[in-house]
Peer 1: 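Dumping the structure here so I can ask a few things about it.
These numbers come from the heavy atoms of this one structure, side chains and all, not from hydrogens, waters or symmetry mates.
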Amino acid sequence: MMRPLVNPLAGAAFLTAIAVQPAGAVDGTVIFNGLILSTCLITIGTPGTLAASADYTMLSSTEAGGSSGTATILTTGAGFEVSTSAPVTFVAAPAGGNDSVTFASSYGANGVTSLLDVVGSVTSPLGLGLTNLDVDLTATKSAGTFSAGNYTAEVTVTCE
């Protein structure tokens with residue numbers, strides 16, 4: 001037995017009716033997650049310059065002609081502190097340059113932390129965010145004077 005053919009125009013009208021009807025809006029949500037760990041990041045900036053005192057018994061970044069070294073500290077969490085450590089010897093010095101020498105470092109800060117002339121070994125709390133640090137170094141000769149030549153010393157900046 002054969003089935004009668006369905007009117008092809010009726011089928012086309014049905015499909016047209018479906019295609020013309022607007023579809024309902026559908027929303028979806030994309031979730032973004034992020035994690036920032038509590039950290040302290042030190043970026044060393046410009047090196048300091050040591051200048052001699054008038055009697056050549058001291059080399060210091062605070063003497064006329066000297067300049068502080070710089071560092072930037074970024075903290076992303078609370079509870080961090082900064083300090084500096086003076087060297088025990090010059091990294092480079094002319095012969096006898098390290099004889100009878102003592103070193104002292106100090107630092108100051110601006111930005112989210114404000115500090116003035118803090119003795120290097122003293123720890124100071126840091127604010128949350130960006131702190132600009134100025135680091136100074138003094139080398140004092142207890143016997144004799146500093147002789148001519150190039151002197152290089154390193155101060156360690158610590159964030160803990």
Peer 1: Would you check if the side chain of Thr75 reaches a backbone N or O of Gly129 as a donor-acceptor pair within less than 3.5 Å?
Peer 2: yes
Peer 1: Grouping I, L, V, M, F, W and Y whenever their side-chain heavy atoms are under 4.5 Å apart, do Tyr56 and Met58 come out in a common cluster?
Peer 2: no
Peer 1: Looking at Ala51 and Gly65, what are the two nearest heavy atoms and their distance?
Peer 2: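 Looking at all heavy atoms of both residues, the shortest contact is CB-C, 3.7 Å.
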Peer 1: Should the heavy atoms of other residues, nucleotides or ligands under 6.0 Å from CD of Glu81 be counted, would the total exceed 12?
Peer 2: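 Check passes, neighbour count above 12.
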Peer 1: Going through the distances and angles, do Thr140 and Thr57 end up as a side-chain contact (heavy atoms from CB on, under 4.5 Å)?
Peer 2: CA-CA 6 Å; Thr140 305; Thr57 60; 5.6 Å; no
Peer 1: OG/Ser61 to CG/Leu137 distance, rounded to the nearest 0.5 angstrom?
Peer 2: 6.0 Å
Peer 1: Rounded to the nearest 0.5 Å, how far does CG of Asp136 lie from CG of Asp117?
Peer 2: 7.5 Å
Peer 1: Sequence neighbours left out, cut at 3.5 Å: what donor-acceptor pairs do the side chains of residues 83-102 make with other protein atoms?
Peer 2:
{"unit_1": "Thr84", "atom_1": "OG1", "unit_2": "Ser105", "atom_2": "OG", "d": "2.9"}
{"unit_1": "Thr84", "atom_1": "OG1", "unit_2": "Gly120", "atom_2": "O", "d": "3.4"}
{"unit_1": "Asn98", "atom_1": "OD1", "unit_2": "Phe90", "atom_2": "N", "d": "2.6"}

Peer 1: Which pair of heavy atoms, one from Ser124 and one from Val118, lies closest together, and at what distance?
Peer 2: OG-CG1, 3.8 Å
Peer 1: Once rounded to the nearest 0.5 Å, what's the spacing between atom CG of Leu116 and atom CG of Asn110?
Peer 2: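 Answer for the CG-CG pair, Leu116 versus Asn110, is 9.5 Å.
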Peer 1: Pairs of donor and acceptor atoms involving the side chains of residues 29-50, under 3.5 Å and at least two apart or interchain, shall be tabulated with distances.
Peer 2:
{"unit_1": "Thr46", "atom_1": "OG1", "unit_2": "Thr70", "atom_2": "OG1", "d": "3.0"}
{"unit_1": "Thr49", "atom_1": "OG1", "unit_2": "Ser67", "atom_2": "OG", "d": "3.2"}

Peer 1: For the atom pair CG (Leu115) and CG (Leu133), what is the distance rounded to the nearest 0.5 Å?
Peer 2: 8.0 Å
Peer 1: ring-ring contact (aromatic ring centres under 6.0 Å, His included) with Phe146: which residues, sequence neighbours excluded?
Peer 2: Tyr151
Peer 1: Is Val112 reachable from Leu128 through a run of I, L, V, M, F, W or Y residues, each pair having side-chain heavy atoms under 4.5 Å apart?
Peer 2: no
Peer 1: Roughly how far, to the nearest 0.5 Å, is the CD atom of Glu63 from the OG1 atom of Thr138?
Peer 2: 7.5 Å
Peer 1: Using the rule that Ile, Leu, Val, Met, Phe, Trp and Tyr join whenever any side-chain heavy atoms are under 4.5 Å apart, tell me whether Val135 and Phe80 fall into a single cluster.
Peer 2: yes
Peer 1: What distance separates Leu126 CG from Glu160 CD, expressed to the nearest 0.5 Å?
Peer 2: 10.0 Å
Peer 1: When you look at CG of Asn150, are more than 12 heavy atoms from neighbouring residues, nucleotides or ligands closer to it than 6.0 Å?
Peer 2: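 Result for CG/Asn150: open.
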